[in-house]
Structures are given as structure tokens and as C-alpha cells.
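One structure is given here, and the rest of the page talks about it.
Just so it is clear, the model here is predicted, and its values are computed rather than measured.
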Amino acid sequence: MAQDTAPSLQPGTMQARVAACTACHGAQGRAGADGYYPRLAGKPQEYLYHQLLNFRDDRRQYRPMAHLLAGLPDAYLHEMAAYFAGQHVPYPPPARVDVPGPTLEAGRRLALSGDAARGLPACASCHGASLGGLLPAIPGLLGLPRDYISSQIGSWKSGQRRAATPDCMADIANKLTPEDIGALTAWLSSQPVADTYGPEPAGSLHLPAECGSQAQR
């Protein structure tokens, strides 16, 4: 009988530590194949770290993640976040989104210009002109499946996903209509990701609102 020649995971290594993560989020955290598990690779370290804390401490609710993280110390999670933040792998081409042109244009306007009359800042005002995120803790918005983006906005609206007070994303999500969400998620998920895509330097943007997660370093 042929023996399995695949190398075993050595206890105590980072590869062993993140094996449970990559089982769902893909090799190097490049995203799960089913579109449900988002990309981890290349996201800001502090953003990833905060999400690990949020799952562990029940501010973001998904029982398998909470179970995996229960009891793990902060420093251990910070090292895991650093590992995934340092992974830089290509993005796949965006999925085709079958929506009318006016819907895509409405999504583009919300993402890049916002709607001042309703107090909705542009996504780009916090997530960067290229929507690649902002160091140290604001993630990029491109390269994510439409259903995933929609589900996260829904979680902010329902209170299943929370951040430190003042929770600026919850405030924004609660102002979005179902039509807004449909347009915004269609446009974001249909955008190609450039090779240079990544978070902008800390302090390079003047944020339009005070966000508690930005102060939670």
C-alpha cells in the first residue's frame, strides 16, 4: 500500500495553529470555495485581530468560530492575525452579477459618493479610494461574494454583529434600504481587484464619523 507522503503538521507551528482556519477559509486564507467563508489573506492585522476577539467574546455571533476561539489568549490571536495579514495571494476574477445597469450605477454612487441627504457617507470615505481598506483596522470591500457582503450588512442591522461604541457601521447599515443593499452589494462584488490592491496608510483619511473600533487598539 502506498504511504501518504503529505507532510504532517508539526505541533506548535503557525501552520498547525491556523489549520482549523484554512479548512474553511482556504489555503493561506484566500477564501472558501463556497463563497460563505470570506478571504482573510492580506486584510489589516488589527481588523483580523478584532474579529477574532469579537467572535471569542460574543460580539460577533457564529457558534463554530466561538467554539474554536474559546479560551485562546489575546497574544495568541494577535499572532494568528499577523500571519493572515501577511499572506498575499491573487484574487480570482469577480463573479458576473446579473442586475440592470441603473442598479449597478446606484451601487457605485453609494460606494464612491454616498448620499449626503440621508447622512450616508461613501464607503470610500472610510475604506479608501480603491476600497482596499485603511490601516490599522478597516478592511477592504472588494473580492468578497455578494451574498457574504449582504449577510454582513444584515448582521449589523439586526445587532448580530457589533463593534465598540460608537458603532459607526451599525449606524450606517440601519440607514440602508433593501434597495440600497442590493445595489451596493452588486457593484462591490462585481469589481475586479487590482494587483496593487491593499489598505491605505494609517492617518491618510479623515474619517467622516467617530468609530469605536478605530480607538480599540
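Here the side chains of Q45 and P136 are not in contact, with every heavy-atom distance at 4.5 Å or above. V18 has its side chain out of reach of L40: every pair of non-hydrogen atoms, C-beta onward, lies at least 4.5 Å apart. Using a 4.5 Å heavy-atom threshold, the side chains of T103 and E179 count as separate. Looking at W156 and I172, their side chains never come closer than 4.5 Å, going by heavy atoms from C-beta outward.
Residues G143 and V193 share a closest heavy-atom pair of N-CG2, 3.7 Å. Scanning both residues, R39 and L144, for their nearest heavy atoms gives N-CD2, 4.4 Å. The two residues D58 and R63 make their nearest non-hydrogen contact at OD1-NH1, 3.3 Å. Looking at every heavy atom in both residues, G119 comes nearest to K175 through O-NZ, 3.2 Å. Minimum heavy-atom separation, A106 to A183: CB-CB, 4.0 Å. Considering all non-hydrogen atoms of both residues, P145 and S189 come closest at C-CB, 4.2 Å.
P92 meets the side-chain contact (heavy atoms from CB on, under 4.5 Å) test with no other residue; sequence neighbours excluded. Under the ring pair (Phe, Tyr, Trp, His ring centres under 6.0 Å) criterion, Y91 pairs with Y197, sequence neighbours left out. Applying the side-chain hydrogen bond (donor to acceptor under 3.5 Å, both in side chains) test to E79 and every residue at least two apart in sequence or in another chain returns R17. Applying the ring pair (Phe, Tyr, Trp, His ring centres under 6.0 Å) criterion to Y148, with sequence neighbours excluded, gives no partner residue. A search for side-chain hydrogen bond (donor to acceptor under 3.5 Å, both in side chains) contacts involving R161 returns Y47, Q51, Q152, not counting sequence neighbours. The salt bridge (Lys or Arg N to Asp or Glu O under 4.0 Å) test applied to R108 returns E105, not counting sequence neighbours. For R96, the side-chain hydrogen bond (donor to acceptor under 3.5 Å, both in side chains) test picks out no residue, with sequence neighbours left out. In this structure L72 satisfies the side-chain contact (heavy atoms from CB on, under 4.5 Å) test together with L69, Y76, L77, sequence neighbours excluded. Qualifying ring pair (Phe, Tyr, Trp, His ring centres under 6.0 Å) partners for H78, counting only residues two or more places apart in sequence or in other chains: Y49.
With K157 contributing its side chain and L176 its backbone, the two residues share a donor-acceptor pair below 3.5 Å. Checked by atom type and distance alone, the side chain of D57 never pairs as donor or acceptor with a backbone atom of R59 at under 3.5 Å. No side-chain donor-acceptor contact under 3.5 Å links R109 to the backbone of A122.
Here side-chain hydrogen bond (donor to acceptor under 3.5 Å, both in side chains) pairs that include residues 130-147, with residues two or more places apart or in two chains, are R146-T185. For residues 20-30, the set of pairs meeting the side-chain hydrogen bond (donor to acceptor under 3.5 Å, both in side chains) definition, not counting sequence neighbours, comprises Q28-R30, Q28-Q87. Among residue pairs with one or both ends in residues 113-127, those qualifying as salt bridge (charged side-chain N to carboxylate O under 4.0 Å, His left out) are D115-R118, R118-D180; sequence neighbours excluded.
If you check the gamma sulfurs of C211 and C168, they are less than 2.5 Å from each other.
Counting heavy-atom neighbours within 6.0 Å of D34 CG, excluding the residue itself, gives a total above 12.
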Would D74 and R56 count as a side chain to side chain contact (heavy atoms under 4.5 Å, CB included) here? Give the steps. CA-CA 10 Å; D74 292 2; R56 187 195 66 185; 2.7 Å; yes
Kindly indicate, with the supporting measurements, whether the criterion side chain to side chain contact (heavy atoms under 4.5 Å, CB included) is fulfilled by L205 and S125. CA-CA 7 Å; L205 292 177; S125 64; over 6 Å; no
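Atom CG of L188 is separated from atom CG of L141 by 5.5 Å, given to the nearest 0.5 angstrom.
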